[in-house]
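The analysis underlying the following values was restricted to heavy atoms, covering all of them including side chains, and did not include hydrogens, waters or symmetry mates. Just so you know, these numbers come straight off a predicted model, no measurement behind them.
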Amino acid sequence: MERNETIDESKTTVVIPAELLDDFKHLAIDMKTTVTALIVGSMRLYLKEIKKK
């Protein structure tokens, strides 16, 4: 990463039920990705769906 490059990300804390988090962890392992990537992808799909309505 270059010195002048900015990161367009924010950190936040979210309470996720343990059962749901466990499912995301297992899916992330299976898909060789991260839980964060899965959650961000899920949020993007959700927004896309609700904007269609």
Side-chain angles (χ1 to χ4, degrees):
M1 182 166 36
E2 294 180 19
R3 284 184 168 201
N4 295 335
E5 189 175 332
T6 60
I7 299 173
D8 190 22
E9 295 177 347
S10 296
K11 289 188 177 190
T12 189
T13 301
V14 179
V15 178
I16 300 173
E19 177 183 299
L20 187 57
L21 182 58
D22 287 344
D23 288 343
F24 269 90
K25 285 179 181 179
H26 290 292
L27 184 60
I29 291 167
D30 292 345
M31 295 179 69
K32 296 181 180 167
T33 189
T34 64
V35 172
T36 300
L38 291 176
I39 292 172
V40 170
S42 298
M43 292 171 74
R44 285 188 175 130
L45 286 174
Y46 177 75
L47 285 174
K48 185 187 270 186
E49 284 298 314
I50 63 171
K51 286 181 180 179
K52 285 183 183 178
K53 295 179 182 181

Notebook entry, point to check: If two hydrophobic side chains count as joined below 4.5 Å and joins carry through other members, does Leu20 share a cluster with Met43?
Noted result: yes
Notebook entry, point to check: Is it the case that one hydrophobic cluster holds both Phe24 and Val40, taking links as side-chain heavy atoms less than 4.5 Å apart, direct or via other members?
Noted result: no
Next item on the list: Could you grab the distance from atom NZ of Lys11 to atom OG1 of Thr36, nearest 0.5 Å is fine?
Entry: 9.5 Å
Checklist line | Closest non-hydrogen atom pair between Thr34 and Ala37, with its separation | finding: OG1-N, 2.9 Å
Next item on the list: Would you kindly confirm whether Ile39 and Ile50 end up in one hydrophobic cluster when ILVMFWY residues are joined by side chain heavy atoms under 4.5 Å apart?
Entry: no
Next item on the list: Please step through side-chain contact (heavy atoms from CB on, under 4.5 Å) for the pair Leu45 and Glu49, ending with a clear verdict.
Entry: CA-CA 6 Å; Leu45 286 174; Glu49 284 298 314; 5.6 Å; no
Next item on the list: Determine whether Ile29 and Leu21 fall in the same hydrophobic cluster, where Ile, Leu, Val, Met, Phe, Trp and Tyr are linked whenever their side-chain heavy atoms lie under 4.5 Å apart.
Entry: no
Margin query: Same cluster or not: Val14 versus Tyr46, using hydrophobic residues (I, L, V, M, F, W, Y) connected whenever any side-chain heavy atoms lie under 4.5 Å apart?
Written below: no
